[in-house]
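Heads up: the structure comes next, in structure tokens.
Computed over heavy atoms, backbone and side chain alike; hydrogens, waters and symmetry mates excluded. For ligands, and for the atoms within them, numbers begin at 1 and follow the listed sequence. Just so we're clear, the structure is a prediction, and the values are computed from it rather than from any experiment.
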Amino acid sequence: MLHNLQIEEMHAEVESPEKRARALLGQMTLEEKIGQLSQVNGSGHHLHDDIRAGRIGSILNEVNVDEINEAQRIALKESRLGIPLLIGRDVIHGFKTIFPIPLGQAATWDTESVRAAAAVAALEAASKGVNWTFAPMIDITRDPRWGRIAESLGEDPLLCSKLGAAMIEGFQGSRLSDAGSIAACAKHFAGYGAVESGLDYATANIPENELRNVYLTPFKAAADAGVATFMASFSDLNGVPASGNEFLMKQVLRDEWGFGGFVVSDWDSIKELTVHGFAADDRQAAYEAASAGVDMEMASSLYREQLPALIESGKLSESRIDEMVLNVLRIKYESGLFENAYTDPHRFPALVNADHRKLAKAVAIKSCVLLKNDGPVLPLSVEHLSDIAVIGPLADDGYEQLGTWVFDGESHHSHTCLRAIYEMAGDKARVHWAPGMRGLRCRESVGLNDAVAAAEQSDVALLFMGEESILSGEAHCRADIDLPGQQEALIEAVAATGTPIVLVVMAGRPLTLGKILDKVAAVLYAWHPGTMGGPAIADILFGKESPSGKLPVSFPRVVGQIPIYYSRKNTGRPPSHDSITHIDEIDGKAEQTSLGMSAFHLDAGFTPQFHFGYGLSYTKFAYRDMSLSTHQLRMGETLTLRCVVENIGERTSEEVVQLYIRDLVGNVTRPVRELKGFQRLPLQPGESREVTFALHTDDLAFYDRRMELVTEAGGFHAWIGSSSDPELWAEFEVVD
Ligand code: GLC
């Protein structure tokens with residue numbers, strides 16, 4: 001047993017994490033090495049012996065700071081080598097102060113908002129002893145049926161890369177060892193968002209070219225941003241489950257990207273290699289995962305049970321185990337845990353404090369997307385309203401507005417829409433509150449009459465509809481993404497009163513709203529907005545704030561259009577409005593009135609309900625004077641693109657100006673549009689500003705059919721505008 005002094009001397013911060021890790025490794029027994037590769041769920045006395053014996057390197061899902069401090073004390077003072085524990089938790093969009101779900105945060109198109117939210121989440125989690133979060137989730141997805149779209153940052157590689165990197169910066173701070181920093185985790189590596197039919201845990205078949213050009217892009221950005229850890233996905237990628245996938249974990253992550261952190265499995269995902277039929281038994285599953293490059297095992301215990309025999313038999317070398325242990329120890333040293341593994345909550349600001357609430361409200365405001373505003377009916381002017389109907393269960397449900405993946409948030413902290421509306425307008429107008437339904441999936445018409453009565457006596461009807469948080473998230477996928485239950489019937493009944501409807505949707509995914517869109521005057525999409533969703537939505541509805549969010553994902557008209565996304569390929573027969581077939585009914589018989597042989601659905605056309613990047617405001621922005629620094633861009637040079645954006649309305653608001661390009665001819669086919677830049681631009685009424693984007697030829701690179709990252713000479717189109725259906729267009733050429 002080493003004396004405490006010896007342990008402290010050994011861990012003394014005299015050298016780099018790498019050297020300290022190697023020095024420590026040299027002291028470790030095989031059992032202690034395997035202990036560092038084992039993450040166990042929970043904590044408590046039943047684990048103390050294992051911690052004392054060095055058989056556990058990390059625990060997850062413990063947030064009692066006294067229990068965590070005790071576990072750390074045992075690890076530091078009672079184990080032979082005094083190696084501290086990593087304490088993991090899913091801090092996905094807030095710890096105690098809950099921010100909008102990540103898909104909602106993506107709708108801000110604002111790296112600073114996303115970074116700041118992650119920093120608050122880290123601070124609150126760290127105050128309880130958590131030092132590692134399993135976020136950001138940066139799986140690109142184009143399938144709203146998939147429940148985990150709620151946790152994602154949407155469909156686009158650039159937006160997901162920029163926002164994912166901002167989250168990592170927020171979680172990890174400038175130094176991993178700082179008091180309010182926690183290690184981040186890029187997940188789920190990789191291709192999880194492309195699961196077939198939007199079914200969680202299903203197969204993902206992604207050609208390597210598409211994998212590299214789309215799905216790996218945000219993970220490369222995360223590695224470049226210095227993320228401490230990666231998490232292997234549950235899913236089978238091209239026949240090889242990610243948790244045993246050497247191409248991902250070694251060739252891409254280590255050899256190509258030079259990643260120096262460690263990889264954790266997903267929950268039981270190593271054990272599930274036998275269920276996939278990829279491993280015959282636990283021993284082979286442990287072998288496949290360890291040799292592929294999954295360093296730490298979450299929840300299941302195959303590494304502890306099987307690695308000794310694999311080493312003993314020579315099937316697996318101890319040097320492979322050493323590499324895995326070094327990856328883990330390096331992060332533990334970088335996290336400063338050997339210097340300070342204990343947490344004093346009193347050294348941290350209070351949870352859910354006023355500043356955190358203020359930020360949560362600000363992020364929620366920026367996340368709301370105004371999809372429709374006929375009239376315009378919004379913003380509401382309280383002075384001109386005598387009666388306001390507030391209808392729908394989501395108007396007053398502090399739990400549901402938090403959204404999925406909330407472990408530590410508490411609904412009693414929530415500020416609901418109903419409360420915020422009373423606060424905003426209750427002393428000036430009569431508020432008629434009617435839930436209208438017993439629950440959002442309820443199919444009876446209980447409560448509908450009260451809702452109709454409330455609407456009949458009101459100047460405007462504010463309807464709060466959408467999904468309960470349980471309808472999205474892990475293992476919560478939907479084959480029909482209409483509004484659940486009786487909601488459409490309720491909307492129609494309220495519309496029949498003639499009172500104008502403002503529909504506020506809270507949901508964990510894009511919903512198909514086509515059946516009710518013409519029944520409502522306005523639609524504000526609030527995702528699940530978090531703790532401060534109420535005041536944020538009320539400030540927008542009553543005009544204290546102008547909406548500025550933009551869609552991070554395309555909204556299908558009907559579920560049959562999925563996958564539908566803006567950066568599609570042109571195909572040999574691209575659809576256009578005059579290229580589709582019309583079949584009309586004439587005297588009860590089908591009559592084909594036009595024939596178009598192109599990529600569209602007879603019953604849905606080819607355009608989304610709402611475009612990627614789309615979002616209205618309370619003002620209008622005009623785009624003009626697009627110019628390029630050159631129309632012949634030499635390889636290796638930078639093109640500057642400019643335009644002028646003017647606020648031609650009466651309200652101050654922020655516009656997200658977007659830059660798209662199209663590579664007209666490629667070694668592999670290229671998308672008809674690709675987002676290459678975005679900027680949030682606050683403009684006063686009448687104010688105009690020149691917006692500039694810089695585009696280096698490297699920014700035009702893509703993986704070609706030889707899997708080489710290349711920029712090819714040739715023609716390009718460029719657009720600048722307010723969505724992926726942009727206003728301004730130009731063309732340029734890249735020349736060798
Ligand atoms: C889950 C999720 C993963 C999460 C982990 C720990 O099954 O797939 O995203 O971080 O288990 O809760």
- line: Near ligand 1 (heavy atom, under 4.0 angstrom), the protein residues are Asp90, Phe134, Arg148, Lys187, His188, Met231, Phe234, Asp266, Trp267, Met298, Trp405, Glu474

task: Check the angle between the aromatic planes of Trp146 and Tyr192 and answer parallel, tilted or perpendicular using the 30° and 60° thresholds.
output: perpendicular

- prompt: Which of parallel (below 30°), tilted (30 to 60°) and perpendicular (above 60°) describes Phe555 and Tyr525?
  reply: perpendicular

message: Can a donor-acceptor pair be found, under 3.5 Å and without considering hydrogens, that links the side chain of Ser411 to the backbone of Tyr399?
response: no

query: Is any NZ, NE, NH1 or NH2 atom of the basic residue among Arg254 and Asp295 found under 4.0 Å from an Asp or Glu carboxylate oxygen of the other?
result: yes

task: Determine, for Lys128 against Asp408, whether the closest basic-nitrogen to carboxylate-oxygen distance falls under 4.0 angstrom.
output: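 So Lys128 does not pair with Asp408 through a salt bridge.
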
query: With sequence neighbours excluded, what pairs up with Asp268 under the side chain to side chain contact (heavy atoms under 4.5 Å, CB included) test?
result: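 Side chain to side chain contact (heavy atoms under 4.5 Å, CB included) list for Asp268, sorted by chain: Glu272, Ala299, Ser300.
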
